[in-house]
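As structure tokens, the structure follows; a few thoughts come after it.
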Amino acid sequence: MNVPETRLVAVSNRLPIALSRGQDGWEIKPGSGGLVTALAPVFRDRGGLWIGWPGGADEDELKTLLRPASQEAGYELHPVFLSEEEVRDYYHGFANEIIWPLFHDLQTRCNFRPSYWYQYLKVNRKFAEAVGFHTRESDYVWVHDYHLMHVAHFLRELGVQRKRGFFLHIPFPPVDIFLKLPWRTHILKALLEYELVGFQTLRDRRHFVQCLQHLRPEIRVSGRGPVILVRVGGKEVRVGAFPISIDFAGFARDADARLVADAAWYIHEALPERQIILGVDRLDYTKGIPERLEAYRDALQRFPDLRGRTTLVQVVVPSRVGVGEYQALLAEIERLVGQINGQFTISGWVPIHYLYRSLDRKELLAYYRVSEIALITPLKDGMNLVAKEYCACSLDGNGVMILSEFAGVAAQLHRWAIMVNPYDVEGVSNAIYRAYSMPHEERVSRMRRMRNMVRRRDIFWWVNAFLQSAQASGLHDFRFFEDYIPELSFESEV
Ligand code: GDG
């Protein structure tokens, strides 16, 4: 008898492809994000499929394009098409105007419009139908992120039996904030329909468990360590912390390439005798860009040594450009950059180099490689991959990282980065001066340890950790986590 093999099925809001409009219509390329790089080899070995929204392309045209793209990728791509109304209310509305700000502790930015919720449910049902249609019972369905928390709930409603796990890429908020959500009980209940729920950090998992304890006091929690067991309403759900990562070896190798080395050399030649302080962020209010600019202004004011000897390179990658709130944020950033440059520029030195565009990979790696200081100060962040990429590309090993306590990555790097509260302007400013003045040996020793951590806990480790937790027969079966808990001692246990 043939035993059906387990195929891996990724389900995410977007398909892992990049669409662009060429001369002869839409062109399609494989995506290049960390998740795609990590999952691609696993998919090729085991066979797999990816279900997601392809973005704006025309339905018929895309269907013909996806077949060769699937063949090239080595796994199947199945689109879920969304109407304009669905994109508006489910994606821009529910995901970006409710869950994104709320889960980043910014509830005053939320727009709790009931119609968003109904479209969110409708689209999640659509995704569940696609899963039911394209998969078989022996498959493992791995759903990603806050757009799709209800997929397992609809799989059950539709009578589709699948092994299923969920990973949340953004933070999970503390109880008092989560309680603001009008649909809080539904969301928690929906997450309990997965067999395994993964968070970035123990902090996020603790928040989730505390929300459950508040809204479902009858729950029982057992186990210690990275994966615990929650029992509620006759269900048993594994709940774990799995810090996502990057392809460390790939970044380190590419940063070592001739073209990157040349680009890095040009950048430093243009800024001689200066320490480059780097900020790289998508345009988003969670990234703390205005607060960071204020901190640099404060540092220039209080530590005149920094004038003429440091340059802040702030890259802002355009994102959600049509949204009013993001336009206002952009205007605020540009006002601050103009003010600070106006205040401090002298002949031959401009304090802030501001780039409002996406860099190509070579340029990005060159900036990582050449910058003496990385300023990573989000107000809250699920993980923050820029921090890990900076470590991988710091080939000379003398980069200093200033890191927000509220980034998920802090749980892994807090011992060797300079930790800051991003709301504390003077604290961040002091940290900039401390980083600038840090002796070479101390820089090298701290960066060596950070690189070791990111190298050991790379994206391939992350995929394995999640999938093994899904398959483990019991909580004792987590050998791959041997030294995991001590590294996260910044966090207190649930
Ligand atoms: C979400 C969570 C979590 C940035 N600028 C350029 C560029 N990038 C790339 C970076 C990095 C990625 O974008 C940004 O990743 P982050 O992790 O920093 O942030 P989010 O996009 O908010 O991601 C986050 C992540 O999911 C994974 O779970 O860590 O907390 O919010 O890879 O390299 N890439 C290029 N040019 C740029 O200018 N090529």
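Whatever order the structure lists them in is the order used to number ligands and atoms, beginning at 1. Heads up: numbering here begins at 1 and tracks the sequence.
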Any atoms of ligand 1 less than 4.0 Å from a non-hydrogen atom of Val280? List them with their elements. 4 (C), 5 (N)
Could you tell me if the side chain of Asn96 sits less than 4.5 Å from the side chain of Tyr116, heavy atoms only? no
Measure Ile246 to ligand 1 on non-hydrogen atoms and call it side chain, backbone, both or neither using the 4.0 Å cut-off. neither
Which of the atoms of ligand 1 are close to Tyr368, meaning less than 4.0 Å from one of its heavy atoms? 33 (O)
Indicate, with yes or no, if the rings of Trp183 and Tyr120 have centres closer together than 6.0 Å. no
Strictly by modelled atom types, are Arg162 and Thr135 linked by a side-chain donor-acceptor pair under 3.5 Å? yes
Taking N or O atoms only and a 3.5 Å limit, does His104 qualify as a polar contact for ligand 1? no
side-chain hydrogen bond (donor to acceptor under 3.5 Å, both in side chains) evaluation trace for Tyr285 with Glu325: CA-CA 9 Å; Tyr285 49 79; Glu325 222 173 354; 4.8 Å; no
Identify, with sequence neighbours excluded, every residue that meets side-chain hydrogen bond (donor to acceptor under 3.5 Å, both in side chains) alongside Tyr296. Thr310
Side chain, backbone, both or neither: the part of Val317 lying under 4.0 Å from ligand 1 by heavy atom: side chain
Short list, please: which atoms of ligand 1 are under 4.0 Å from a heavy atom of Glu389? 10 (C), 11 (C), 32 (O), 33 (O)
Can you name the atoms of ligand 1, numbered from 1 with element, that are less than 4.0 Å from a heavy atom of Trp100? 31 (O)
Numbered in order shown, the ligand 1 atoms found under 4.0 Å of a heavy atom of Ser358 are 36 (N), 37 (C), 38 (O)
